[in-house]
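In what follows, a single structure is set out as structure tokens and then discussed.
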Number of protein chains: 2
Amino acid sequence: MSNRPDTRKRLIGAARELFLEQGYAATGVAQILKKAGARSGSLYYFFPTKEDLLLAVLEDYRDLLWPLVIQPVFDRIDDPLERIFGVLDGYRQMLRMTKCTIGCPIGNLALELSGSHPQARKLIAQNFSGWTAAIEQCIVDAADRLPESADAYDLAQFVLTTMEGAVMLSRAYRKIDPFDTAVAQLREYFDLLVAQGTEWSRPRTPE
Amino acid sequence: MSNRPDTRKRLIGAARELFLEQGYAATGVAQILKKAGARSGSLYYFFPTKEDLLLAVLEDYRDLLWPLVIQPVFDRIDDPLERIFGVLDGYRQMLRMTKCTIGCPIGNLALELSGSHPQARKLIAQNFSGWTAAIEQCIVDAADRLPESADAYDLAQFVLTTMEGAVMLSRAYRKIDPFDTAVAQLREYFDLLVAQGTEWSRPRTPE
DNA sequence: GTCTATAACTCGATAGAC
DNA sequence: GTCTATCGAGTTATAGAC
């Protein structure tokens, strides 16, 4: 009857937002409970520890990557290379909407936790791999425009590298400029690869 | 007589290492005191708050950037473009020495603190700007090999973007591969720019 | 599944002697 | 400048009623 999500989901949602804004260590359980409108008894009924709640948040991100981040862009854009920049534009919108205070939720937690929380680190790597796989698909779909020497996986990982670095700089400077600069450079790189792929790689196929 | 650094410097050094390994929020004052071999009375004599100690650490990084990170590479390498990859190799060495648990100290703190600690955020941006300026100098020194359309500042910022993103992925995967992949892609980009800069931009200068 | 109350501990920071 | 002792608040997590 009620549209309110169940307690477990509210806890995950509240934790997600707070971890995103403040980080994991800086977010107290009490704060999560307040935001979720729940009591500690409920939280510890669902999650044995605060870290288990963190893992649930990361699993949530992993499961929502395709339906929320990738699929909407793929539905809107057909060209495989433009799909890549469409995904990147999604992060640009998040930065803009939050005045460059919030970027990629995974990257955020990656640097804070990868040294001290092994299970979280693995889930973060899984998130990265899922993201990379989507971009890799785009590159494979555009393989006929790129040089044969270009490796789809390496290129996809480089796109993720660029996105994460770009989000970091835009947050540090509180300006969208570093993000836009990075995306423009990445596009220039792709343009050069495409030029290289058409100018003397394609023409010689008939011979 | 004693070679032991004074207490203030020991506190900054201990805090630097712990912030680097664990992050700011996850590091307790007691832990810093233990590592530095000091008591809380000393810490709060030098620094009014824990955050002031953080700011001192960030100022330290800023002041040590040239003598520790940039100058040794510039002394060893003359070619301006190779200097860029020499600096990047310094971060590779740090990743390798720590089995990919520790990368760039600034990037680490950037994502954790830029949303909640304004003064730290500004010092982090200063660190980024100093780093970018060094790389920009390299690009300006190699301007005759690059296309005229290439902007030195934008390219330098893209190098930083790549480095920070690459360190993040290598830490998350606990493998050096993503870092190497990113550097290889960046080199390919520079190679393409150089090819573009020589093939039809230079020849027309005499005309 | 959710509530209240609280245990057990750590946090950042302070007071005052020396 | 450095020491010991400690404050008060906040932390994660638990116990037991409902």
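Throughout, protein chains are lettered first and strands after them, A, B, ... in sequence-line order, and every chain is numbered starting at 1.
- Taking atom CZ of residue B:R8 and atom P of nucleotide D:dT2, one finds them 12 Å apart after rounding to whole Å.
- In this structure, OH of B:Y24 is placed 13 Å from P of C:dC11, rounded to the nearest angstrom.
- The distance between atom NE2 of B:H117 and atom P of C:dG12, rounded to the nearest whole Å, is 11 Å.
- One interatomic measurement links the two molecules: CZ of A:F47 to P of C:dG1, which rounds to 12 Å at whole-angstrom precision.
- The closest donor-acceptor contact from the side chain of B:R174 to the backbone of B:T101 lies at 3.5 Å or more, if one exists at all.
- In this structure, A:R83 forms a cation-pi arrangement with A:F74, its terminal cationic atom sitting closer than 6.0 Å to the ring centre and no more than 45° off the ring axis.
- The distance from atom CD1 of A:I32 to atom P of D:dT11 is 10 Å, rounded to the nearest whole Å.
- A distance-only check finds a donor-acceptor pair linking the side chain of B:E112 to the backbone of B:A25 [under 3.5 Å].
- Taking side-chain N and O atoms only, B:Y45 has no distance below 4.0 Å to OP1 or OP2 of D:dT2.
- Taking the side chain as every heavy atom from C-beta outward, A:I77 and A:F85 never approach each other to under 4.5 Å.
- The CG atom of A:L11 sits 11 Å away from the C1' atom of C:dT2 (whole-angstrom rounding).
- For the OP1/OP2 pair of C:dG1 and a distance below 4.0 Å, the side-chain nitrogens and oxygens of A:T7 include no atom meeting the criterion.
- With hydrogens and angles ignored, the 3.5 Å screen pairs a side-chain donor or acceptor of B:N127 with a backbone N or O of B:L123.
- A 4.5 Å side-chain heavy-atom check between B:I106 and B:Y61 finds at least one atom pair inside the cut-off.
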Using the 3.5 Å cut-off, write out each protein N or O paired with an N or O of nucleotides 13-16 of chain C and the distance between them.
residue: C:dA13; atom: OP2; partner: B:Y44; partner atom: OH; Å: 3.3
residue: C:dA13; atom: OP2; partner: B:K50; partner atom: N; Å: 2.7
residue: C:dT14; atom: O4; partner: B:S40; partner atom: OG; Å: 2.8

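- Side-chain proximity of A:A30 to D:dT11, C:dC3, C:dC11: nearest is D:dT11.
- A cation-pi arrangement is absent between B:K50 and B:Y44 under the rule of less than 6.0 angstrom and at most 45 degrees off the ring axis.
- The distance between atom CG of A:L18 and atom C1' of D:dT11, rounded to the nearest whole Å, is 16 Å.
- B:Q22 places its CD atom 14 Å from the C1' atom of C:dT10, with the value rounded to the nearest Å.
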